[in-house]
Amino acid sequence: MPVLQPARGTQDILPDAMRRHRAVIDTARDIAARYGYAEMTTPMFEFTDVFSRPIGEATDIVSKEMYTFKDRGDEEITLRPEYTAGIVRAVISNGLTQNLPLKFFAHGPMFRYERPQKGRFRQFHQIDVELIGAGTPESDVEIIALGADILASLGVGQVCVLQLNTLGDTESRQAYRAALVDFFSAHRDGLSEDSRRRLERNPLRILDSKDPGDIRINADAPAFDTYLTDAARDFFAKVRGGLETLGIGYRINPRLVRGLDYYCHTAFEFVTEQLGAQGTVLGGGRYDGLMKLMGGPDAPAIGWAAGIERLALLIAEPASPSRPIAMIPLGEAGEAKAMTLAHALRLAGFTVDQAYSGNLKRRMQRANKIAARAAVILGDDELARGAATVRDLDTGEQIEVPLAQLKDRLAPFR
RNA sequence: GCGGGUGUAGCUCAGUUGGUUAGAGCGCCAGAUUGUGAUUCUGGAUGUCGUCGGUUCGAAUCCGAUCACUCGCCCCA
């Protein structure tokens with residue numbers, strides 16, 4: 001309705017906020033590169049099937065939380081709600097399954113039709129890493145360590161706790177799921193309305209319920225541990241051992257579950273208490289079943305994604321950008337000279353800003369506002385002498401410098 | 001999708017039991033040396049009181065709807 005208001009759940013990212021985003025992305029990219037994860041990206045929209053098939057048409061996610069529409073060519077299109085499905089699709093489309101294992105880093109906007117809250121938007125941004133074609137516990141350790149390193153490097157490691165769980169292998173999961181359904185069916189009357197619905201759709205999620213009655217029942221619910229196969233238990237033990245070797249602290253959270261069948265083994269989330277209900281800052285897990293489900297070869301994979309907005313809320317103020325030199329011409333001769341001087345200085349690597357209007361006072365005010373380090377004043381007086389006035393804006397000291405020496409004399413102000 | 005809170009200047013907010021000209025700080029603009037910023041001093045402008053409708057002699061204030069933000073639930077790929 002009010003056209004001058006951004007659409008619900010979207011926001012402008014103005015320079016101050018953008019610097020925070022940039023800091024998150026740049027830090028993550030650098031550290032991911034150290035682990036051998038190469039940056040790539042996929043389209044912001046895909047055929048709807050890419051996302052709906054692995055998730056299931058009947059789920060809330062697909063039926064009411066995706067930005068899905070028909071384009072002018074009558075194709076069913078969906079704005080990507082996550083990175084993983086698109087990346088797996090790209091791996092298959094490009095025949096990259098020849099080159100496993102693949103290690104990717106990506107970042108970009110995601111779209112989910114949800115009710116906005118703090119740190120939760122309809123257009124939001126994620127960083128994402130995927131390790132495709134590696135199925136050993138060591139690869140789980142690597143990808144978690146990568147996440148931990150990034151969080152530490154962003155200075156938020158102290159306020160995030162790594163929660164860890166296993167979803168076992170298919171055999172373990174089916175046995176556990178059956179046991180849960182049996183157990184909760186016997187306690188059906190005590191369950192909340194939401195959980196009775198979950199009983200059909202997604203019994204594991206009951207374990208995660210916030211309803212007080214459900215929590216009481218959960219206390220007696222069967223534990224996954226007793227249903228794990230030896231192989232699954234061994235896998236999890238190796239993951240934990242690896243984390244311990246690397247000194248990465250974690251807390252086992254048996255209620256940390258995933259709803260979809262292609263997930264297995266390791267599930268993890270780095271959680272903070274500083275963001276209210278939207279406390280998960282980075283989450284991921286192993287998805288060995290997805291590649292095959294999407295029509296590719298049967299390749300194991302693991303990955304995680306982290307919300308840039310949430311991380312941006314947690315990090316300290318990023319370092320200020322480099323301070324510019326303010327070019328301040330007075331009069332027509334000065335304007336003409338300023339253009340060529342500014343160009344030459346920029347080619348030489350200086351940051352140079354010019355206001356383009358106002359008298360000297362006004363331009364000095366502008367120079368101050370943009371935190372310029374120095375001002376180069378080009379008036380008729382000094383131009384007649386082939387010189388410019390250079391003012392140190394921190395000390396107020398001011399000297400006249402021959403134009404030929406300008407570059408050298410400005411060097412201390414870079 | 002469900003429930004609670006909030007919406008007043010560019011920003012952060014104050015506005016008494018409905019009462020006539022709606023305020024503060026910061027910021028912005030102008031001036032205090034017609035070629036010198038940041039400090040200081042003086043002056044100025046801020047505004048459909050989110051929007052629409054209702055109650056009333058009279059609404060920023062009460063009621064309803066709607067939009068947005070926010071807290072929790074649902075969902076969380």
Side-chain angles (χ1 to χ4, degrees), chain A residues 1-11 14 16 50-56 59-66 78 80-88 110-122 124 126 128 192-195 197-198 201-202 205 208-212 214 256-263 267 269 275-280 283-285 287 290 293-294 303-305 307 326 328-331 334 355 358-383 388-398:
Chain A
M1 228 169 264
V3 181
L4 292 181
Q5 170 173 300
R8 186 172 203 196
T10 65
Q11 53 181 356
L14 301 178
D16 281 347
V50 170
F51 304 112
S52 65
R53 199 154 25 134
I55 293 172
T59 58
D60 281 8
I61 293 172
V62 171
S63 62
K64 42 196 215 195
E65 291 176 12
M66 294 200 318
T78 293
R80 68 180 176 204
E82 59 139 354
Y83 242 130
T84 307
I87 290 176
V88 169
M110 304 292 155
F111 305 86
R112 298 183 184 182
Y113 190 84
E114 295 184 291
R115 182 148 180 180
Q117 284 184 29
K118 181 176 189 168
R120 174 169 164 168
F121 308 95
R122 289 183 173 181
F124 62 104
Q126 288 189 330
D128 181 279
S192 66
E193 199 180 320
D194 284 331
S195 285
R197 215 183 52 241
R198 292 179 181 118
R201 294 182 153 193
N202 200 347
R205 283 277 177 206
D208 204 19
S209 174
K210 287 162 187 166
D211 179 85
D214 291 348
L256 180 59
V257 295
R258 298 275 124 97
L260 303 172
D261 286 335
Y262 58 76
Y263 282 110
E269 290 184 0
L275 294 176
Q278 266 63 52
T280 298
Y287 56 92
L290 182 58
L293 186 62
M294 291 186 69
W304 56 251
I328 303 185
L330 303 167
N359 56 20
L360 178 56
K361 176 173 177 151
R362 212 151 161 62
R363 294 185 188 218
M364 287 299 287
Q365 284 175 338
R366 155 119 184 146
N368 193 62
K369 195 180 299 181
I370 63 174
R373 181 65 186 80
V376 175
I377 300 167
L378 297 164
D380 293 338
D381 296 352
E382 42 272 88
L383 280 178
T389 296
V390 172
R391 183 178 176 89
D392 182 327
L393 291 172
D394 286 352
T395 65
E397 280 170 36
Q398 179 166 310

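Proteins get letters first, then strands, A, B, ... in listed order; numbering begins at 1 in each.
Distance check on atom C1': B/rG10 versus B/rC29 gives 13 Å, rounded to whole Å.
Using a 4.0 Å heavy-atom criterion, one finds that A/Arg53 contacts no nucleic acid atom at all. Looking at heavy-atom distances under 4.0 Å, A/Tyr263 makes contact with sugar-phosphate atoms alone, never a base. The residue A/Arg198 sits close only to the backbone: its heavy atoms come under 4.0 Å of sugar-phosphate atoms, none of a base. Within 4.0 Å of A/Tyr113, counting heavy atoms only, lies no atom of the nucleic acid at all.
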List, with names and distances, any nitrogen or oxygen atoms from the protein found under 3.5 Å away from nitrogen or oxygen atoms belonging to nucleotides 30-34 of chain B.
none

Atom pairs under 3.5 Å, N or O on each side, protein against nucleotides 3-11 of chain B: can you list them with distances?
residue, atom, partner, partner atom, Å
B/rG3, O6, A/Arg115, NH2, 3.4

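Applying the salt bridge (charged side-chain N to carboxylate O under 4.0 Å, His left out) test to A/Arg363 and every residue at least two apart in sequence or in another chain returns A/Glu335. Residues meeting the side chain to side chain contact (heavy atoms under 4.5 Å, CB included) test with A/Thr280, sequence neighbours left out: A/Glu269, A/Val271, A/Arg310. Here A/Lys361 pairs with A/Asn359, A/Gln365 under the side chain to side chain contact (heavy atoms under 4.5 Å, CB included) rule; sequence neighbours left out. With sequence neighbours left out, A/Arg120 forms a salt bridge (charged side-chain N to carboxylate O under 4.0 Å, His left out) with A/Glu114. Every residue two or more places apart in sequence or in another chain was checked for a salt bridge (charged side-chain N to carboxylate O under 4.0 Å, His left out) with A/Asp380, and none qualifies. For the side chain to side chain contact (heavy atoms under 4.5 Å, CB included) test, no residue two or more places apart in sequence or in another chain qualifies with A/Asn368. Partners of A/Arg115 under the side chain to side chain contact (heavy atoms under 4.5 Å, CB included) rule, at least two apart in sequence or in another chain, are A/Arg8.
Between the side chain of A/Arg112 and the main chain of A/Pro81, a donor-acceptor pair closer than 3.5 Å is present.
As a whole-Å value, the separation of A/Asn359 CG from B/rU36 C1' is 10 Å.
A sub-4.0 Å separation between OP1 or OP2 of B/rU70 and a side-chain N or O of A/Lys118 is absent.
Under the Watson-Crick and G-U wobble criteria, each requiring two contacts below 3.5 Å, nucleotide B/rA60 is left unpaired.
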